[in-house]
S.K.: 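Let me begin by handing over the structure; questions about it come next.
Computed from a predicted structure; not experimentally measured. Counting starts at 1 for both ligands and their atoms, in listed order. Numbers here are sequence positions counted from 1.
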Amino acid sequence: TKHTGRNGYHFFQPSMNTFAQQQLQLMNDLWMAVERQELRLHYQPKCQASSGTIMGFEALLRWEHPTKGLLAPDVFLPLAEKTGIIIPMGNWVINEACRQLSEWRSQGQLEWSMAVNLSALQFEQPMLLDTVLACLERHHIPAEMLILEVTETTAMHNPEQSVEVLTRLTELGVKASIDDFGTGYSSLLYLKRLPACELKIDRAFVKELKGEGEDATIVSAIVALARTLNLRVVAEGVETQAQLEFLTQLGCNTLQGYLLGKPESAEAITASHQKAG
Ligand code: C2E
Ligand code: CA
Ligand code: CA
Ligand code: CA
């Protein structure tokens with residue numbers, strides 16, 4: 001502290017200049033991001049392992065920050081979740097993903113599904129069901145073309161409630177996917193009761209996957225579990241041909257990762273999938 005005479009002291013807190021202040025600034029910007037139309041979606045394909053056919057896309061959020069450029073979700077999602085901004089932001093994501101899917105459908109891509117990530121807070125919002133239904137109706141999307149991805153951790157946080165929410169969503173016809181599987185702690189009892197259509201094996205198990213070893217054993221176990229529960233298995237983060245081959249051998253039906261396609265803008269995807277005629 002520095003003495004400034006009769007009026008007292010100035011307290012210098014250099015730490016306030018760094019992380020806390022940056023977060024505060026980011027929070028201010030974040031509140032405006034939806035209104036200022038700075039949010040973007042990139043889309044990454046989910047492909048059939050056997051044929052490479054695109055089954056659909058996963059919408060991944062980006063923020064075109066006025067000065068910092070294109071930001072990935074890990075920079076701002078935790079803050080959005082903590083402040084509740086994730087709710088209007090997440091509503092925007094659901095609507096925009098549905099709008100984009102309907103555009104692709106009008107271009108003849110009737111087989112493509114659209115997967116949207118839900119945060120824990122969104123998942124617990126009673127309004128979620130109405131939001132989803134309104135977006136499907138607004139954009140004339142068949143409910144079964146929409147997949148909602150919820151992480152294992154979110155789903156198992158309050159499993160009783162998750163069963164209820166997912167049951168109501170699937171009653172609409174929407175599909176549910178358990179994301180980042182293997183990183184949380186699933187109760188098999190609840191996993192059995194969750195009306196999901198797929199498990200997504202977390203990238204952590206794919207990263208150093210070899211034909212044998214611990215990760216291969218874990219992947220096989222998840223595939224076996226999924227078979228028993230009648231779920232599709234998606235492996236994420238597939239970057240090499242070797243990984244693709246191991247995963248296919250181990251029985252993963254669907255693959256996602258840079259090898260099959262990086263997340264791209266809708267325009268880029270539209271351009272590379274022009275249908276003849
Ligand atoms: P996620 O749902 O597990 O998505 C996969 C992440 O891995 C994405 O990162 C994707 O770009 C990245 N990825 C895909 N393939 C590969 C690969 O082959 N190698 C590597 N190294 N990475 C790969 P991204 O886009 O930065 O998103 C990070 C996380 O942010 C997502 O993880 C998801 O949990 C969350 N997220 C993204 N968009 C949204 C959203 O609209 N709403 C919510 N609530 N969460 C979102
Ligand atoms: Ca996901
Ligand atoms: Ca994931
Ligand atoms: Ca992840």
S.K.: Distance alone, cut at 3.5 Å: any donor-acceptor contact between the side chains of Gln241 and Glu245?
M.R.: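 Their side chains do contain a donor-acceptor pair, which is all the 3.5 Å distance test asks for.
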S.K.: Are there over 12 heavy-atom neighbours, none belonging to Gln23, within less than 6.0 Å of that residue's CD?
M.R.: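 More than 12 heavy atoms, drawn from other residues, nucleotides or ligands, come within 6.0 Å of this atom.
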S.K.: Short list, please: which atoms of ligand 1 are under 4.0 Å from a heavy atom of Glu239?
M.R.: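 Ligand 1 atoms under the 4.0 Å threshold to Glu239: 17 (C), 18 (O), 19 (N), 20 (C), 21 (N).
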S.K.: Indicate, as side chain, backbone, both or neither, the part of Ser119 found under 4.0 angstrom from ligand 1 when only non-hydrogen atoms are considered.
M.R.: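 It is both parts that get close, each with some atom under 4.0 Å.
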S.K.: Got His139 and Asn95 here, is their nearest side-chain heavy-atom distance under 4.5 Å?
M.R.: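 Yes - at least one pair of side-chain heavy atoms lies under 4.5 Å apart.
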S.K.: For the side-chain hydrogen bond (donor to acceptor under 3.5 Å, both in side chains) test, which of Glu124, Glu81, Gln125 pairs with Ser119?
M.R.: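 Exactly one option meets the side-chain hydrogen bond (donor to acceptor under 3.5 Å, both in side chains) with Ser119, and it is Glu81.
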S.K.: Could you list which atoms of ligand 1 come closer than 4.0 Å to a heavy atom of Glu58?
M.R.: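 The atoms of ligand 1 under 4.0 Å from a heavy atom of Glu58 are 2 (O), 4 (O).
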S.K.: Out of the N/O/S atoms in Glu58, what is the name of the one closest to the Ca ion (ligand 2)?
M.R.: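 Looking only at N, O and S atoms of Glu58, the one nearest the Ca ion (ligand 2) is named OE2.
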S.K.: Mind checking whether Lys200 contacts ligand 1 via backbone (N, CA, C, O), side chain (CB onward), both or neither, at a 4.0 Å heavy-atom cut-off?
M.R.: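 Looking at Lys200 and ligand 1, no heavy atom falls under 4.0 Å.
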S.K.: Does only the side chain of Leu259 get under 4.0 Å from ligand 1, or the backbone, or both, or neither? Count heavy atoms.
M.R.: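 Looking at Leu259 and ligand 1, no heavy atom falls under 4.0 Å.
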S.K.: Is the shortest distance from a Lys or Arg side-chain nitrogen in Glu96 or Arg99 to a carboxylate oxygen in the other one below 4.0 Å?
M.R.: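 Counted as a salt bridge, because a side-chain N and a carboxylate O are separated by less than 4.0 Å.
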S.K.: Using a 4.0 Å heavy-atom cut-off, say whether Leu118 meets ligand 1 through its side chain, its backbone, both or neither.
M.R.: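 For Leu118, the contact with ligand 1 is made by the backbone alone.
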S.K.: Which one of Thr151, Val116, Asp179 has a non-hydrogen atom at the shortest distance from atom 1 (P) of ligand 1?
M.R.: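 Shortest heavy-atom distance from atom 1 (P) of ligand 1: Asp179.
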S.K.: Between Lys262 and ligand 1, which residue portion shows a heavy-atom distance shorter than 4.0 Å: side chain, backbone, both, or neither?
M.R.: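 Lys262 to ligand 1: no contact under 4.0 Å from either part.
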S.K.: With respect to atom 27 (O) of ligand 1, which of Pro78, Ala120, Pro73, Ala97 exhibits the smallest heavy-atom separation?
M.R.: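 Checking each option, the heavy atom nearest atom 27 (O) of ligand 1 is found in Pro73.
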S.K.: Go through ligand 1 atom by atom and flag the ones less than 4.0 Å from a non-hydrogen atom of Gly237.
M.R.: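 Atoms satisfying the 4.0 Å criterion: 16 (C), 17 (C), 18 (O).
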S.K.: Would you say ligand 1 has an N or O under 3.5 Å from any N or O of Arg62?
M.R.: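 Between Arg62 and ligand 1 (N or O atoms, distance only) the closest approach is under 3.5 Å.
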S.K.: Considering Tyr258, Phe76, Phe123 one by one, which has a heavy atom nearer to atom 13 (N) of ligand 1 than any of the others?
M.R.: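 It is Tyr258 whose heavy atom sits nearest to atom 13 (N) of ligand 1.
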S.K.: Which residue in the set His42, Lys200, Gln44 passes side-chain hydrogen bond (donor to acceptor under 3.5 Å, both in side chains) when paired with Glu58?
M.R.: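 Option passing the side-chain hydrogen bond (donor to acceptor under 3.5 Å, both in side chains) with Glu58: Lys200.
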S.K.: For the CD atom of Gln107 and the NE2 atom of His273, what is their distance to the nearest 0.5 Å?
M.R.: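 Between atom CD of Gln107 and atom NE2 of His273 there are 11.0 Å.
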S.K.: Quick one: which ligand 1 atoms are inside 4.0 Å of a heavy atom on Val93?
M.R.: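 Those of ligand 1 that fall under 4.0 Å from Val93 are 41 (O).
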S.K.: At a threshold of 3.0 Å, where the distance has to be below it, does the Ca ion (ligand 2) have an N, O or S atom of Glu236 nearby?
M.R.: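 Looking at Glu236, which is the residue asked about, there is no N, O or S atom under 3.0 Å from the Ca ion (ligand 2).
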S.K.: Which ligand 1 atoms, with their elements, are less than 4.0 angstrom from a heavy-atom of Asp180?
M.R.: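 Checking each atom against Asp180, I get 3 (O).
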S.K.: Is there a side-chain contact between Trp63 and Leu77, using heavy atoms and a 4.5 Å cut-off?
M.R.: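 A side-chain contact is absent here, since even the closest heavy-atom pair is not under 4.5 Å.
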S.K.: Please lay out, stage by stage, how Tyr43 and Trp112 fare under the test ring pair (Phe, Tyr, Trp, His ring centres under 6.0 Å).
M.R.: CA-CA 12 Å; Tyr43 300 91; Trp112 287 356; 9.7 Å; no
S.K.: Would you mind listing which atoms of ligand 1 come within a distance below 4.0 Å of any non-hydrogen atom of Val238?
M.R.: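 Counting atoms of ligand 1 from 1, those under 4.0 Å from Val238 are 18 (O).
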S.K.: Between Arg203 and ligand 1, find which residue part has any heavy-atom pair under 4.0 Å and reply side chain, backbone, both or neither.
M.R.: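 The answer is the side chain of Arg203.
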S.K.: Within Glu149, is some N, O or S atom less than 3.0 Å away from the Ca ion (ligand 3)?
M.R.: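 So Glu149 does not count as coordinating the Ca ion (ligand 3).
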S.K.: Leu199 and Ile201: side chain to side chain contact (heavy atoms under 4.5 Å, CB included), yes or no, with the steps?
M.R.: CA-CA 6 Å; Leu199 291 184; Ile201 302 181; 5.7 Å; no
S.K.: Tell me the nearest of Leu61, Leu255, Leu77 to atom 46 (C) of ligand 1, using heavy-atom distances.
M.R.: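 Minimum heavy-atom distance to atom 46 (C) of ligand 1 goes to Leu77.
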S.K.: What N/O/S atom of Asp180 is the closest to the Ca ion (ligand 3)?
M.R.: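 Considering only N, O and S atoms, Asp180 comes nearest to the Ca ion (ligand 3) through OD1.
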S.K.: Are side-chain heavy atoms of Glu152 and Asp180 found at a separation under 4.5 Å?
M.R.: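 In short, these two side chains do not touch, never coming nearer than 4.5 Å.
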S.K.: Which ligand 1 atoms, with their elements, are less than 4.0 angstrom from a heavy-atom of Pro263?
M.R.: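 Listed by number with element: 11 (O).
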S.K.: Taking 3.0 Å as the cut-off, does Ser177 contribute an N, O or S atom near the Ca ion (ligand 2), distance below it?
M.R.: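 Of the N, O and S atoms in Ser177, none lies under 3.0 Å from the Ca ion (ligand 2), which means no.
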S.K.: Does the side chain of Leu61 reach to within under 4.5 Å of the side chain of Met89, using non-hydrogen atoms?
M.R.: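 Result yes, sub-4.5 Å side-chain heavy-atom pair found.
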S.K.: Which N/O/S atom belongs to Asp179 and is the closest one to the Ca ion (ligand 2)?
M.R.: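 Closest to the Ca ion (ligand 2) among those atoms: OD2.
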S.K.: Taking it one step at a time, do Tyr190 and Glu160 satisfy side-chain hydrogen bond (donor to acceptor under 3.5 Å, both in side chains)?
M.R.: CA-CA 8 Å; Tyr190 282 110; Glu160 205 57 76; 2.8 Å; yes
S.K.: Just checking Glu111: does its CD atom have more than 12 heavy atoms from other residues, nucleotides or ligands closer to it than 6.0 angstrom?
M.R.: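 Result for CD/Glu111: open.
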S.K.: With side chain to side chain contact (heavy atoms under 4.5 Å, CB included) as the criterion, how do Val219 and Val233 come out once you've worked through the C-alpha distance, each side chain's angles and the decisive distance to 0.1 Å?
M.R.: CA-CA 10 Å; Val219 171; Val233 193; over 6 Å; no
S.K.: Mind checking whether Ile141 and Cys135 have side chains closer than 4.5 Å, heavy atoms only?
M.R.: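 Of all side-chain heavy-atom pairs linking Cys135 with Ile141, none is under 4.5 Å.
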S.K.: Quick one: look at His42 and ligand 1, take heavy-atom pairs under 4.0 Å, and tell me if it's side chain, backbone, both or neither.
M.R.: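 No part of His42 comes within reach of ligand 1.
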S.K.: Any idea which part of Asn117 is under 4.0 Å from ligand 1, heavy-atom wise: side chain, backbone, both or neither?
M.R.: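 The part of Asn117 near ligand 1 is both the backbone and the side chain.
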S.K.: So if I count the atoms of ligand 1 from 1 in the order they appear, which ones are less than 4.0 Å from some heavy atom of Gln44?
M.R.: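 Listed by number with element: 14 (C), 15 (N).
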